[in-house]
There are 2 protein chains.
Amino acid sequence: MADLARLAGVSVATVSRALNGSPEVSLATRQRIGELARSLNYTVNIGAKNLRTKQNRTVAVVIPYDEQSRQHITDPFFLAMLGSLADALTDRGFDLLLSRVDSGYLAAASQLYESGAVIGTVLIGQWRHHAQLNALAQRGAPLVVWGAQLPQQVYCSVGGDNLAGGQLATRHLIERGGRRIVFMGDPSLPEVAQRLAGYHQALAEAGIAPDPALQLNVPFETGQARAALTRLIESGIAFDAIFACSDVLAISSMQLLRLYGRAVPQQVLVVGYDDIEWASHADPPLTTVRQPIAAAGIEIVQALFDGVAGQPTPPRTLPVELVVRQSSLR
Amino acid sequence: MADLARLAGVSVATVSRALNGSPEVSLATRQRIGELARSLNYTVNIGAKNLRTKQNRTVAVVIPYDEQSRQHITDPFFLAMLGSLADALTDRGFDLLLSRVDSGYLAAASQLYESGAVIGTVLIGQWRHHAQLNALAQRGAPLVVWGAQLPQQVYCSVGGDNLAGGQLATRHLIERGGRRIVFMGDPSLPEVAQRLAGYHQALAEAGIAPDPALQLNVPFETGQARAALTRLIESGIAFDAIFACSDVLAISSMQLLRLYGRAVPQQVLVVGYDDIEWASHADPPLTTVRQPIAAAGIEIVQALFDGVAGQPTPPRTLPVELVVRQSSLR
DNA sequence: ATGAAAGCGCTAACAC
DNA sequence: GTGTTAGCGCTTTCAT
């Protein structure tokens, strides 16, 4: 900037003002300096600017990972959320700092904030970390978590309406003739627990007694899910429908069912969750509960900015919607 | 830090040294300061540190988007690459700044560098921007592009061996009895052009004359691809195999073929490209050319760091491999 | 309308 | 082993 000032024959103060479009500096010099900067490929050093102004236009997006599995971000749903956040932030002129932190030590997520690198943090994946997240929020970092709304929650969460989602899916399966409906998902995750509650409510409404044998407690990871479903099939326990807590699980299950000669939807109805792009390309196209991904990105970002501005940030629940395709149409 | 110094009864210089683990400061005070900092949730302001030391531990990953379609990052392959890069950078203690820039104005990608926000840039998706990328590289920013190696290339590219991939896929289809092999992809993209060249070579080896009617020039976007394939089917032109330049295209095509009562693999063999996670869950499981995604992340990051260090960064081509599943096994 | 100068939080000579 | 001080590149009062 000093160079620029010298070349323009003015002081750095003027250059700074000009580059920031201050009306104090005459239009002529403002333009002259602007063009000089452009021709020199000069850009204000963002670090110095941030240091001086104590502001900052970047947001951290944290995806926790299991220390053991050390797995790559892989579920298309997470990735779609990431894209949605990227778009929402880009629209507001903010950058996105992608960070992976050990899920056992989420406190690391706040370092980005405490070191002044970001103005706040978005965490995708609440998992089992409710307490850790509360602790994190209490350290003062603006934080928004994609996940379920829980009792005694200090942090702000934005999430789909999981209870309604579970009900929607299950009611639909019942309407279509399902009576022995398998539930697939890991209820130790808050979001899944709520979907399970919706499943139970819908069963109760229809006067169907839930059979614990049909509740498959499997993580969002196809390997174990396939094993569990295989055991179920081979045990000979009857079922005529599946409500899976993710599309990945649902599609993987449909494939397995085919292997065992069970036709979808003729013999088994299937409903998934998320409505990832693949759901409509599955065979048969998958009925699923659509999560409002684009809206989610916008809401999350809005909530985060509210938090940064010191405004209250109540948890938000976004509506979900049932998308009926052929996997549930007998 | 001044506060910390006061509380510890030392000067800021000592605190700085202690926090950076300098052996000059006595172990006792070093530990004392360390614990004090921890108890205060204090973290060195990274912006100020970067400003002073003129270093920086963040890398920009840019995903261009079309100004028109303004579409979300959506192809699972891109997202998998992103995950791989995130892992590779995390392993080296670097942060990843995710940025979306208008593909018509890629020069914007260098701003992150010129403003000192990042030490270099990784661009996923070479598309048609060879010239722009060259210009970008010439501005001095360390840049690595995932894509094909091209003549007169100034920037460093890391990519799969597209020529071999095209050959592998096509030879396999021929071995399996394919004679009239459809090619799907947009040859205006360098990577696809190389795969097409491989396709042509394999045809020539087998003495099969290429039929231009079988070359479907469609983008990586299923809508147009489906339209083109539909036209081909309805035109009555015979074909017995498809080589699609992405798994998304391939799976979408299989779905369409089923609609038209063409059995895969009995009537039409299909091979895809990328080996995204979904390929093995498709129906039938998709034979495909595997891109080395995990290795790619590591290579890209290595190349970028070489560039930052001022070392030469020749383009790198990574081996691909054919993964045979049922979609091509008649 | 423009300039001089202080200071954002940190590190690294250089002194002691 | 520790303190003093200059300065990274910028913005912003306060003067003029």
Which angle, to the nearest 10 degrees, lies between the helix axes at the two ends of the helix from dA1(C)-dT16(D) to dC16(C)-dG1(D), each defined by five pairs? 40°

Sort and list the pairs that fulfil side-chain hydrogen bond (donor to acceptor under 3.5 Å, both in side chains) and have at least one residue in residues 49-64 of chain B, not counting sequence neighbours. N20(B)-K49(B)

If the condition is side-chain hydrogen bond (donor to acceptor under 3.5 Å, both in side chains), which residues does S26(B) pass it with, not counting sequence neighbours? T29(B)

Pairing residues for R128(B) by the salt bridge (charged side-chain N to carboxylate O under 4.0 Å, His left out) criterion, not counting sequence neighbours: D186(B)

Results of side-chain hydrogen bond (donor to acceptor under 3.5 Å, both in side chains) for Q153(A) - residues two or more places apart only: S157(A)

Please list all pairs meeting side-chain hydrogen bond (donor to acceptor under 3.5 Å, both in side chains) that have one or both residues in residues 32-42 of chain A, counting only residues at least two apart or in different chains. N41(A)-R139(B)

Would you please name every residue forming a side-chain hydrogen bond (donor to acceptor under 3.5 Å, both in side chains) with Y113(A), sequence neighbours left out? none

Contacts table for residues 304-318 of chain A: side-chain donor-acceptor under 3.5 angstrom, sequence neighbours left out:
residue, atom, partner, partner atom, Å
D306(A), OD1, Q302(A), NE2, 2.9
D306(A), OD2, R316(A), NH2, 3.0
R316(A), NH1, E299(A), OE1, 3.2

Contacts to DNA chain C from residues 21-45 of chain B, heavy-atom cutoff under 4.0 Å, which residues? Y42(B), V44(B), N45(B)

What pairs of donor and acceptor atoms, side-chain ones from residues 6-19 of chain B against any protein atom, are under 3.5 angstrom apart with sequence neighbours left out?
residue, atom, partner, partner atom, Å
R6(B), NH2, D3(B), OD1, 3.0
S11(B), OG, A13(B), N, 3.4
S11(B), OG, T14(B), N, 3.4
S11(B), OG, T14(B), OG1, 3.3

Using side-chain hydrogen bond (donor to acceptor under 3.5 Å, both in side chains) as the criterion, list what pairs up with S99(B), not counting sequence neighbours. none

Under 3.5 Å between N/O atoms: give me all the protein pairs with nucleotides 4-7 of chain D, atom names plus distance.
residue, atom, partner, partner atom, Å
dG7(D), N2, R52(B), NE, 3.4
dG7(D), N2, R52(B), NH1, 2.9
dG7(D), N3, R52(B), NH1, 3.4

Closest to the K49(A) side chain: dC10(D), dC10(C), dT11(C)? dC10(D)

